[in-house]
Amino acid sequence: MNHYVVQIMAGQIKFVQDFFKDYKDEKIKTSLKSVERIRAVLDVVSDLPQEEMIKHIKNTFKHSPIGSALHFTVQIVE
C-alpha cells in the first residue's frame, strides 16, 4: 500500500471535506488531515501509482452529486 498526502483546493471546501472525510472504495481510502479556507489536506492509502490515484480522486469527486458543479484541483503535497 502506498501512502500519500493530497491537497484539494476548492471554493466550497465544505463539500470536499464532507465527501472525503472517511471515504473508502476498492481503490483508495481517505481520511481528513486538515481543512483551511479553500484547502483540504487528506491522507490517502492506495495501491495505485501516484498519477492514477490523483485521476481516481478527481473522477470520484466529479461523479458525486456536487462535484460536477465545483472547480477544484488535486495535487500531492508530500
Checking Leu42 against Ile8 for the side chain to side chain contact (heavy atoms under 4.5 Å, CB included) test, could you report, in this order, the C-alpha distance in whole Å, the side-chain angles of both residues, the deciding distance, and whether it holds?
CA-CA 8 Å; Leu42 308 171; Ile8 301 178; 3.6 Å; yes

Atom CG of Leu32 and atom CG of Asp22: how far apart are they, to the nearest 0.5 Å?
8.0 Å

Please table the atom pairs, donor to acceptor, closer than 3.5 Å between any side-chain atom in residues 62-75 and protein atoms at least two apart or in another chain.
residue	atom	partner	partner atom	Å
His63	ND1	Asn59	O	2.6
Ser64	OG	Phe61	O	2.6
Ser64	OG	Gly67	N	3.0

Can you list, by chain and residue number, the hydrophobic cluster partners of Ile38 when the side-chain cut-off is 4.5 Å?
Met9

If you link ILVMFWY side chains whenever their heavy atoms are less than 4.5 Å apart, which other residues fall into the same cluster as Val5? By chain and number, please.
Val41, Val77

If a pair satisfies ring-ring contact (aromatic ring centres under 6.0 Å, His included) and one of its residues is in residues 21-55, list it, with sequence neighbours excluded.
Phe19-Tyr23, Phe20-Tyr23

The side chain to side chain donor-acceptor pair (under 3.5 Å) partners of Lys14 (sequence neighbours excluded) come to Asp18

Which heavy atom in Met53 sits nearest to a heavy atom in Val44, and how many Å separate them?
SD-CG1, 3.8 Å

Heavy-atom pair of closest approach, residues Val16 and Ala40:
CG1-CB, 4.3 Å

Without placing hydrogens or testing angles, list every side-chain donor-acceptor pair under 3.5 Å for residues 45-52, not counting sequence neighbours.
residue	atom	partner	partner atom	Å
Ser46	OG	Lys27	O	2.8
Ser46	OG	Leu48	N	2.9

